[in-house]
Asker: 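So that we are looking at the same thing, I have put the structure below in structure tokens.
Remember, it's 1-based here, ligands and their atoms both numbered in the order they're listed. Numbers here simply count residues along the sequence, with the first being 1.
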Amino acid sequence: MKILGILGSPRVGGNSDILLDQALAGGRDAGAQVEKIILCQKKISGCLNCEKCNETGVCAIKDDMPEIHKKILEADAIIHSCPVYFWAMTAQMKAYLDRWCAFFDAEWRWHKAIYPKMKGKKIGLITVCGDPNVSTADPIVHSFKNTADFTKLKWIGAVMASASAKGEIAKNEKAKKEAYALGKKGVTP
Ligand SMILES: Cc1cc2nc3c(=O)[nH]c(=O)nc-3n(C[C@H](O)[C@H](O)[C@H](O)COP(=O)(O)O)c2cc1C
């Protein structure tokens with residue numbers, strides 16, 4: 001059992017990172033092997049819509065994303081963590097998500113070789129916003145949940161928290177508990 005954590009914040013050690021670590025701790029305590037990818041430390045360009053992957057299932061862009069594609073395929077659950085930037089996900093997370101394009105054919109069906117690896121894969125999300133009203137992060141939840149529903153991944157839920165200063169979320173026991181429980185959900189059937 002493998003859980004992949006994807007950090008969309010460029011602020012390493014910040015609020016989304018702290019909550020992602022909590023989720024990965026929950027997964028580890030439930031018996032999973034965990035790995036975290038910090039997107040801002042990777043080179044990930046935006047999707048070019050060149051359609052080459054529609055036939056091949058392989059992305060034509062030679063950067064760090066093909067290595068992440070491999071890790072996505074190998075994982076049983078993927079937990080994303082992202083702050084709100086201008087009422088949306090960060091540029092790093094959007095570039096990563098758009099590159100999921102490589103998994104699909106021209107009709108937005110999983111490539112045949114990929115389908116058995118993606119079927120039933122769990123997907124979860126953590127959001128952090130400065131706004132005390134956490135629904136500010138709804139557009140990010142919308143993106144990830146719709147992606148999961150559309151592609152028949154197993155949505156394990158979203159943890160939505162509010163914090164501004166770096167590390168401030170460490171004082172929020174409720175959010176940390178919810179993130180830990182989300183990580184555990186990545187392991188349970
Ligand atoms: C460029 C930028 C844009 C932001 N836009 C918003 C926003 O639209 N709404 C909001 O509630 N918080 C916004 N924030 C605040 C962050 O979401 C907040 O500080 C969060 O805790 C950062 O998480 P991190 O520590 O994981 O990076 C913005 C922060 C930055 C740097």
Side-chain angles (χ1 to χ4, degrees), residues 2-30 32-47 63-65 67-69 71-72 75 77-100 121-148 153 155-187:
K2 281 188 190 167
I3 300 186
L4 187 62
I6 303 283
L7 180 66
S9 171
R11 191 155 71 166
V12 178
N15 300 314
S16 334
D17 197 8
I18 289 169
L19 291 185
L20 183 58
D21 281 347
Q22 286 293 316
L24 295 180
R28 197 184 294 111
D29 291 350
Q33 197 186 316
V34 303
E35 180 178 353
K36 180 166 76 177
I37 294 178
I38 299 171
L39 294 178
C40 72
Q41 295 174 352
K42 303 283 180 190
K43 190 174 180 299
I44 305 174
S45 307
C47 173
D63 58 9
D64 291 334
M65 194 60 203
E67 167 205 321
I68 300 174
H69 281 139
K71 290 183 189 288
I72 290 170
I78 311 169
I79 298 182
H80 302 86
S81 189
C82 192
V84 173
Y85 276 14
F86 290 94
W87 291 271
M89 69 182 80
T90 59
Q92 291 86 353
M93 189 61 100
K94 189 65 167 70
Y96 152 90
L97 189 58
D98 288 352
R99 295 287 293 283
W100 274 51
K121 198 181 296 287
K122 293 174 180 158
I123 183 165
L125 176 68
I126 297 164
T127 63
V128 185
C129 57
D131 192 328
N133 181 355
V134 297
S135 68
T136 286
D138 283 351
I140 309 183
V141 178
H142 180 85
S143 273
F144 279 91
K145 190 174 181 307
N146 275 32
T147 300
L153 294 175
W155 179 248
I156 57 169
V159 171
M160 300 170 78
S162 169
S164 286
K166 185 175 182 180
E168 187 190 326
I169 204 76
K171 291 183 279 184
N172 186 334
E173 293 304 326
K174 182 174 172 277
K176 287 197 291 182
K177 245 173 119 174
E178 284 175 11
Y180 183 86
L182 184 70
K184 283 207 149 174
K185 258 178 134 177
V187 178

Asker: Looking only at protein heavy atoms, which one is nearest to atom 8 (O) of ligand 1, and how far off is it?
Answerer: Trp87 N, 3.0 Å

Asker: Looking at atom 2 (C) of ligand 1, what's its closest protein heavy atom, distance included?
Answerer: Tyr85 CD1, 3.6 Å

Asker: Does any N or O of ligand 1 fall below 3.5 Å from an N or O anywhere on Pro83, backbone included?
Answerer: no

Asker: Heavy-atom distance under 4.5 Å between the side chains of Lys121 and Leu4, does that happen here?
Answerer: no

Asker: Does any N or O of ligand 1 fall below 3.5 Å from an N or O anywhere on Lys166, backbone included?
Answerer: no

Asker: Could you tell me which atoms of ligand 1, counted from 1 in the order shown, lie closer than 4.0 angstrom to a heavy atom of Thr136?
Answerer: 9 (N), 11 (O)

Asker: Record the part of Asn15 in heavy-atom contact with ligand 1 below 4.0 Å; permitted values are side chain, backbone, both and neither.
Answerer: both

Asker: With a sphere of 6.0 Å drawn around NZ of Lys94, does it hold more than 12 non-hydrogen atoms of other residues, nucleotides or ligands?
Answerer: no

Asker: Show the atoms of ligand 1 that are less than 4.0 angstrom away from any heavy atom in Phe86.
Answerer: 1 (C), 3 (C), 4 (C), 5 (N), 6 (C), 7 (C), 8 (O)

Asker: Using the salt bridge (charged side-chain N to carboxylate O under 4.0 Å, His left out) rule, take Lys2 and Glu35 through it: C-alpha gap first, then chi angles, then the decisive distance, then the call.
Answerer: CA-CA 8 Å; Lys2 281 188 190 167; Glu35 180 178 353; over 6 Å; no

Asker: What are the atoms of ligand 1, with element, lying closer than 4.0 Å to any heavy atom of Asp131?
Answerer: 10 (C), 11 (O)

Asker: Is there a side-chain contact between Pro83 and Ser9 in this structure, where contact means two heavy atoms from C-beta onward sitting under 4.5 Å apart?
Answerer: yes

Asker: Which of the numbered atoms in ligand 1 are below 4.0 angstrom from a heavy atom of Ala163?
Answerer: 18 (C), 19 (O), 20 (C), 21 (O)

Asker: Test salt bridge (charged side-chain N to carboxylate O under 4.0 Å, His left out) on Glu178 and Lys174; report intermediate values, then the result.
Answerer: CA-CA 6 Å; Glu178 284 175 11; Lys174 182 174 172 277; 3.0 Å; yes

Asker: Please give me the minimum heavy-atom distance between Ile169 and Asn15, naming the atom from each residue.
Answerer: N-OD1, 3.0 Å

Asker: Polar-atom distance check: Ser9 versus ligand 1, any N or O pair below 3.5 Å?
Answerer: yes

Asker: Any side-chain heavy atom of Val134 sitting closer than 4.5 Å to one from Thr127?
Answerer: no

Asker: Say whether Gly130, considering both its backbone and side-chain N or O atoms, lies within less than 3.5 Å of an N or O atom on ligand 1.
Answerer: yes

Asker: Does a side-chain heavy-atom distance below 4.5 Å link Leu19 with Val128?
Answerer: yes

Asker: Starting from atom 19 (O) of ligand 1, find the nearest protein heavy-atom neighbour and note its residue, name and distance.
Answerer: Ser164 O, 3.0 Å

Asker: Are side-chain heavy atoms of Leu39 and Ile68 found at a separation under 4.5 Å?
Answerer: yes

Asker: Where is the nearest protein heavy atom to atom 14 (N) of ligand 1: which residue, which atom, and how far?
Answerer: Val84 O, 3.2 Å

Asker: Compute the shortest N/O to N/O distance between Asp17 and ligand 1 and return yes if it is under 3.5 Å, no if not.
Answerer: no

Asker: Of all the non-hydrogen atoms in the protein, which one sits nearest to atom 26 (O) of ligand 1, and at what distance?
Answerer: Ser16 OG, 2.4 Å

Asker: If every non-hydrogen atom of Lys36 is compared with every non-hydrogen atom of Leu24, which pair is closest and at what distance?
Answerer: CB-CD1, 3.8 Å

